[in-house]
Amino acid sequence: MGSFINPCFIYLDNNATTQVAPEVFEAMRPFFLNQFGNPSSMHTCGGVVAKVVDVARESLARLLGCDETEIVFTSGGTESDNFAIRGILEANPDKRHIVTTRVEHPGVLNLARWLKRKGYEVTELDVDGDGILDLAAYRDALREDTAIVSAMWANNETGVIFPVEEMAAIAKARGITFHTDAVQAVGKIPMDLSKLQVDLLSLSGHKLHGPKGIGALYVRRGTRIRPLMHGGHQERGRRPGTENVPGIVGLGKAADLAIEHMDDENTRVKALRDRLEASLVGSIARTRVNGSTSNRLPNTTNVSFEFIEGEAILLRLNELKIAASSGSACTSGSLEPSHVLRAMGVPFTMVHGSVRFSFSRYNDADQVEYVSREFPKVVADLRGISPYWSDSMG
Ligand code: PLP
């Protein structure tokens with residue numbers, strides 16, 4: 001399995017970022033040292049490097065089930081989301097309507113809201129209490145002037161999976177371009193784009209044990225899209241700038257490893273997640289799992305503990321050397337609850353006390369045992385000093 005980079009910490013925040021796999025790091029190393037050529041150069045120093053970029057492209061294409069010519073390397077998920085949406089709008093200036101969902105990552109949602117201020121019309125689809133989209137409402141939202149649908153494959157906070165296959169087919173039947181932000185799904189669940197009607201798909205290296213600052217946009221052959229930036233002819237004219245060669249090599253290796261570990265992710269890692277979730281829900285009163293448990297990523301659980309603050313839980317976990325994350329972010333002194341949990345209508349007393357645990361291939365059963373043992377004490381302590389908890393107890 002490879003050694004964990006910080007043996008003192010139990011890292012359960014893999015949807016935020018993952019450890020670079022040791023194999024990935026080793027694969028990248030030569031491209032910082034002696035193999036530093038520019039892939040566009042005519043000489044051998046460049047030619048050697050151009051070849052490894054192609055090999056990495058093939059690896060990623062294998063993971064996605066697409067052709068290598070359909071991969072454009074970018075700097076990560078956020079750039080890929082921006083490239084997809086803005087690139088399609090620029091190529092279709094007559095169409096001014098965008099369909100997305102209320103639970104997207106800011107890489108899509110903040111872009112859509114910015115575009116709205118610029119005069120585009122944006123429909124943000126609702127989800128139900130389980131984080132699931134209503135396909136009838138989705139169908140109704142599509143219009144003659146809809147340029148693009150952007151819907152995430154899997155939610156970063158809850159792990160809930162959208163019916164991307166059906167949604168893409170519905171968009172295609174109406175002649176609308178379909179983009180999916182699959183940053184959390186790629187490498188965790190199998191996918192075969194050759195069988196789907198998805199036109200554009202965003203992914204990011206650092207979510208699948210690759211390096212940070214590298215990602216890709218899948219662009220189905222024949223899709224009319226404009227580049228986000230203007231410059232050289234790299235990436236077949238779609239993404240100018242000298243390639244991040246070590247990053248690309250790292251992403252290629254991460255894709256190979258993801259294929260190799262896909263079964264582990266969907267069996268052992270999933271079982272670890274399920275064990276922790278069952279233990280927390282079974283041993284702590286007034287908890288709830290947020291999001292559908294029947295259709296979600298194998299590595300993610302989002303649990304709310306009523307009447308306490310997620311931030312307080314995280315600080316106590318940090319003292320215990322457990323890394324997780326919370327659904328709410330403390331911004332400028334005011335507690336801003338997660339837009340995802342709010343969209344799902346999670347009750348106020350639950351929304352603030354949410355914690356996301358996200359696993360990876362580097363977690364094991366001993367870690368789950370430790371967290372299962374320590375976590376109930378943290379909740380009991382915090383509830384002991386929570387005025388809301390004592391009120392609720394009468
Ligand atoms: N989309 C989703 C669903 C994500 O979870 C993230 C990162 O958390 C991103 C996009 C942004 O990716 P990056 O950090 O590579 O820009």
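Counting starts at 1 for both ligands and their atoms, following the listed order. These numbers come from a predicted model, not from an experiment.
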Under 6.0 Å between ring centres, would you say that holds for Tyr138 and Phe162?
-> no

Contacts of Thr78 meeting side chain to side chain donor-acceptor pair (under 3.5 Å) (sequence neighbours excluded), chain-then-number -> none

For ligand 1, the residues whose heavy atoms come within less than 4.0 Å (ordered by chain, then number) | Gly76, Gly77, Thr78, Asp81, His105, Met152, Asn156, Asp181, Val183, Gln184, Ser204, His206, Lys207

Are Arg96 and Tyr120 in a cation-pi setup, meaning NZ or CZ lies under 6.0 angstrom from the ring centre and within 45 degrees of the ring axis?
-> yes

Picking from Glu79, Arg57, Gln234, Glu243, what satisfies side-chain contact (heavy atoms from CB on, under 4.5 Å) with Phe73?
-> Arg57

Show every donor-acceptor pair shorter than 3.5 Å between a side-chain atom in residues 208-219 and any protein atom, with sequence neighbours excluded, or say none if there are none.
unit_1, atom_1, unit_2, atom_2, d
His209, ND1, Gln19, O, 2.8
Lys212, NZ, Thr17, OG1, 3.2

Return the set of residues passing ring-ring contact (aromatic ring centres under 6.0 Å, His included) with His179 (not counting sequence neighbours), or none when no residue passes.
-> none

